Asker: 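This is the structure, below, for whatever I ask next.
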Amino acid sequence: MTIHQLRCFIAVAEELNFSVAAERLFTTQPSITYQISALEKETGLHLFERTTRRTKLTPAGNAFYQDIKHIPDYYEASVQKAKIIQTTGNSRLVVGLRKLFDYESTAKTIIQFQKRNPHVVVDILPQDNYRPLDELRSGKLDVGFFYDIEHTNAPDIAFYPIFTLPYHVWMHPDHPLAKKTELHLTDLKGQQVVTSDSFESYLYACRGPSVKELLDVGADVSRSVPSMEGALVQIQMNTGIAIIPCLENAGIPGIRRIKLVDYAPMQVEIGFMRNNDRMEVQSFVDISKEYYDNLQSERKV
């Protein structure tokens with residue numbers, strides 16, 4: 001299996017037309033057909049159903065596409081990273097970061113890391129909410145931050161707990177609940193709670209109380225949005241509230257946050273591939289653990 005074969009397959013899967021896919025890749029239709037045939041032969045998969053009128057993915061072809069569609073991008077990024085190291089002599093560490101994360105602490109951690117590792121350039125990339133572990137496995141990320149609810153069995157990845165994020169109810173300052181200092185789930189009875197069923201949404205990734213739990217206390221969960229940004233707009237319009245885990249000092253101007261006291265905080269972990277034995281990776285993990293351990297001790301005092 002070659003990167004070129006995967007690019008051909010991805011182009012046909014997205015265009016559902018061999019001729020258009022060939023134009024997209026600046027090649028010929030017979031060449032595309034040959035590469036797809038070779039890929040099917042090697043994998044033992046029947047990837048496309050073709051008639052005189054249309055081309056469509058088989059169920060197996062669709063599953064294969066969903067899993068490998070980013071591999072060419074990861075390959076290009078890996079080659080580029082290797083070329084930089086070869087040319088400059090500098091190593092690169094790619095760190096994933098989640099939305100609404102503790103950016104201040106992350107910056108301080110990176111500063112400390114680069115003092116100890118001046119030859120290493122740190123790149124920060126946003127982490128995917130749909131399949132976050134895949135970005136480690138593909139090599140797109142060297143280190144990432146994960147929620148304990150995102151993995152149940154991943155023996156190839158090492159995870160270290162670093163801190164917890166309490167759940168808060170985010171709302172407009174004029175909302176009827178905004179004057180409270182803390183909230184229970186039962187306080188959300190009759191309230192419009194904005195949720196998300198999109199795998200790619202941060203609001204989905206951070207979970208929180210389930211739809212059933214919210215329905216059981218009488219909350220209105222009829223409004224679902226495809227993104228975190230959509231939820232924030234609803235809050236700013238004072239047409240809904242959302243349950244989001246965050247640090248006490250995190251937030252967005254113009255939005256009131258009240259801790260949800262009867263729902264367990266979410267555990268945040270730092271993760272990396274167990275077979276990634278680069279010294280830079282272990283150094284970043286050790287510095288992160290040390291920083292957050294000290295931060296937690298200071299907060300207890």
Side-chain angles (χ1 to χ4, degrees), residues 96-106 124-133 135 144-151 161-269 299:
L97 203 58
R98 307 302 286 261
K99 188 173 290 189
L100 292 179
F101 204 70
D102 185 5
Y103 301 114
E104 180 182 359
S105 293
T106 302
I124 304 294
L125 294 181
Q127 283 183 241
D128 179 33
N129 289 317
Y130 181 34
R131 292 183 173 180
L133 302 185
E135 294 180 311
F145 292 91
F146 304 90
Y147 308 131
D148 58 349
I149 56 177
E150 291 180 315
H151 62 87
I162 51 174
F163 65 89
T164 58
L165 289 177
Y167 281 92
H168 290 73
V169 182
W170 290 37
M171 65 189 68
H172 191 279
D174 294 334
H175 191 277
L177 297 177
K179 293 182 179 181
K180 289 183 173 290
T181 56
E182 62 181 32
L183 289 169
H184 299 270
L185 273 178
T186 52
D187 293 323
L188 305 186
K189 180 178 180 180
Q191 300 298 327
Q192 177 78 64
V193 180
V194 181
T195 61
S196 178
D197 57 4
S198 171
F199 289 112
E200 298 180 358
S201 169
Y202 172 80
L203 198 60
Y204 178 91
C206 65
R207 308 300 206 288
S210 67
V211 170
K212 182 180 184 304
E213 289 174 296
L214 292 170
L215 287 172
D216 286 345
V217 299
D220 181 352
V221 294
S222 60
R223 184 165 298 170
S224 179
V225 294
S227 67
M228 176 69 180
E229 289 72 18
L232 294 178
V233 169
Q234 295 292 329
I235 294 170
Q236 293 282 15
M237 293 169 58
N238 203 11
T239 55
I241 60 178
I243 300 172
I244 303 169
C246 64
L247 293 172
E248 301 293 344
N249 60 348
I252 295 175
I255 291 181
R256 176 93 164 94
R257 295 174 296 104
I258 305 174
K259 184 181 289 188
L260 189 61
V261 295
D262 55 359
Y263 204 79
M266 182 168 62
Q267 180 70 59
V268 180
E269 304 170 329
R299 285 172 178 168

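Keep in mind that this is a model prediction, so the values were computed, not measured.
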Asker: Would you indicate whether the side-chain heavy atoms of Val194 and Ile235 approach each other to under 4.5 Å?
Answerer: no

Asker: Looking at residues at least two apart in the chain, or sitting in another chain, which of them share a side chain to side chain donor-acceptor pair (under 3.5 Å) with Asp148?
Answerer: none

Asker: Of the non-hydrogen atoms in Gln267 and Ile162, which two are nearest, and what is the gap between them?
Answerer: NE2-N, 3.7 Å

Asker: So does His168 get a backbone contact from the side chain of Arg257, meaning a donor-acceptor N/O pair under 3.5 Å?
Answerer: no

Asker: Using a 3.5 Å distance criterion without hydrogens, assess whether the side chain of Thr239 forms a donor-acceptor pair with backbone atoms of Gln234.
Answerer: yes

Asker: Does anything in residues 176-191 form a salt bridge (Lys or Arg N to Asp or Glu O under 4.0 Å)? List the pairs, not counting sequence neighbours.
Answerer: none

Asker: How long is the span from the CG atom in Leu188 to the CG atom in Leu214, to the nearest 0.5 Å?
Answerer: 7.0 Å

Asker: Rounded to the nearest 0.5 Å, what separates atom CG in Leu183 from atom CE in Met171?
Answerer: 5.0 Å

Asker: Residues in side chain to side chain donor-acceptor pair (under 3.5 Å) with Thr164, at least two apart?
Answerer: none

Asker: When rounded to the nearest 0.5 angstrom, what is the spacing between CD1 in Ile244 and CH2 in Trp170?
Answerer: 5.0 Å

Asker: Going by side chain to side chain contact (heavy atoms under 4.5 Å, CB included), name the residues that satisfy it together with Pro126, two or more places apart in sequence or in a different chain.
Answerer: none

Asker: Closest heavy-atom contact between Tyr263 and Glu213?
Answerer: OH-OE1, 3.5 Å

Asker: Would you confirm whether Gln127, through its side chain, and Phe145, through its main-chain N or O, come within 3.5 Å as a donor-acceptor pair?
Answerer: yes

Asker: Which residue pairs pass the salt bridge (Lys or Arg N to Asp or Glu O under 4.0 Å) test with at least one member in residues 227-239, sequence neighbours excluded?
Answerer: Lys99-Glu229

Asker: Of the non-hydrogen atoms in Gln236 and Gly254, which two are nearest, and what is the gap between them?
Answerer: OE1-O, 3.9 Å

Asker: Can you measure from OH (Tyr167) to CG (Asp262) and round to the nearest 0.5 angstrom?
Answerer: 13.0 Å

Asker: Tell me, which pairs form a salt bridge (Lys or Arg N to Asp or Glu O under 4.0 Å) where one or both residues lie in residues 214-228, sequence neighbours left out?
Answerer: Lys212-Asp216

Asker: Give me the atom names and distance for the closest heavy-atom approach of His172 to Ala178.
Answerer: O-CB, 3.8 Å

Asker: Which pair of heavy atoms, one from Ile255 and one from Leu232, lies closest together, and at what distance?
Answerer: CD1-CD2, 3.9 Å

Asker: Closest approach of Val225 and Ser196, non-hydrogen atoms and distance?
Answerer: O-OG, 2.8 Å

Asker: Could you give all pairs that pass the salt bridge (Lys or Arg N to Asp or Glu O under 4.0 Å) test and reach residues 161-178, with sequence neighbours left out?
Answerer: none

Asker: Please identify each residue that fulfils salt bridge (charged side-chain N to carboxylate O under 4.0 Å, His left out) with Glu269, with sequence neighbours left out.
Answerer: none

Asker: State which residues pass side chain to side chain donor-acceptor pair (under 3.5 Å) with Gln191; sequence neighbours excluded, sorted by chain then number.
Answerer: His175

Asker: Are side-chain heavy atoms of Pro245 and Val268 found at a separation under 4.5 Å?
Answerer: no

Asker: Out of curiosity, Leu185 CG to Ile243 CD1, how far, rounded to the nearest 0.5 Å?
Answerer: 6.0 Å

Asker: With sequence neighbours left out, write down each residue that passes side chain to side chain contact (heavy atoms under 4.5 Å, CB included) with Ile124, or none if nothing qualifies.
Answerer: Val95, Leu97, Ile110, Val122

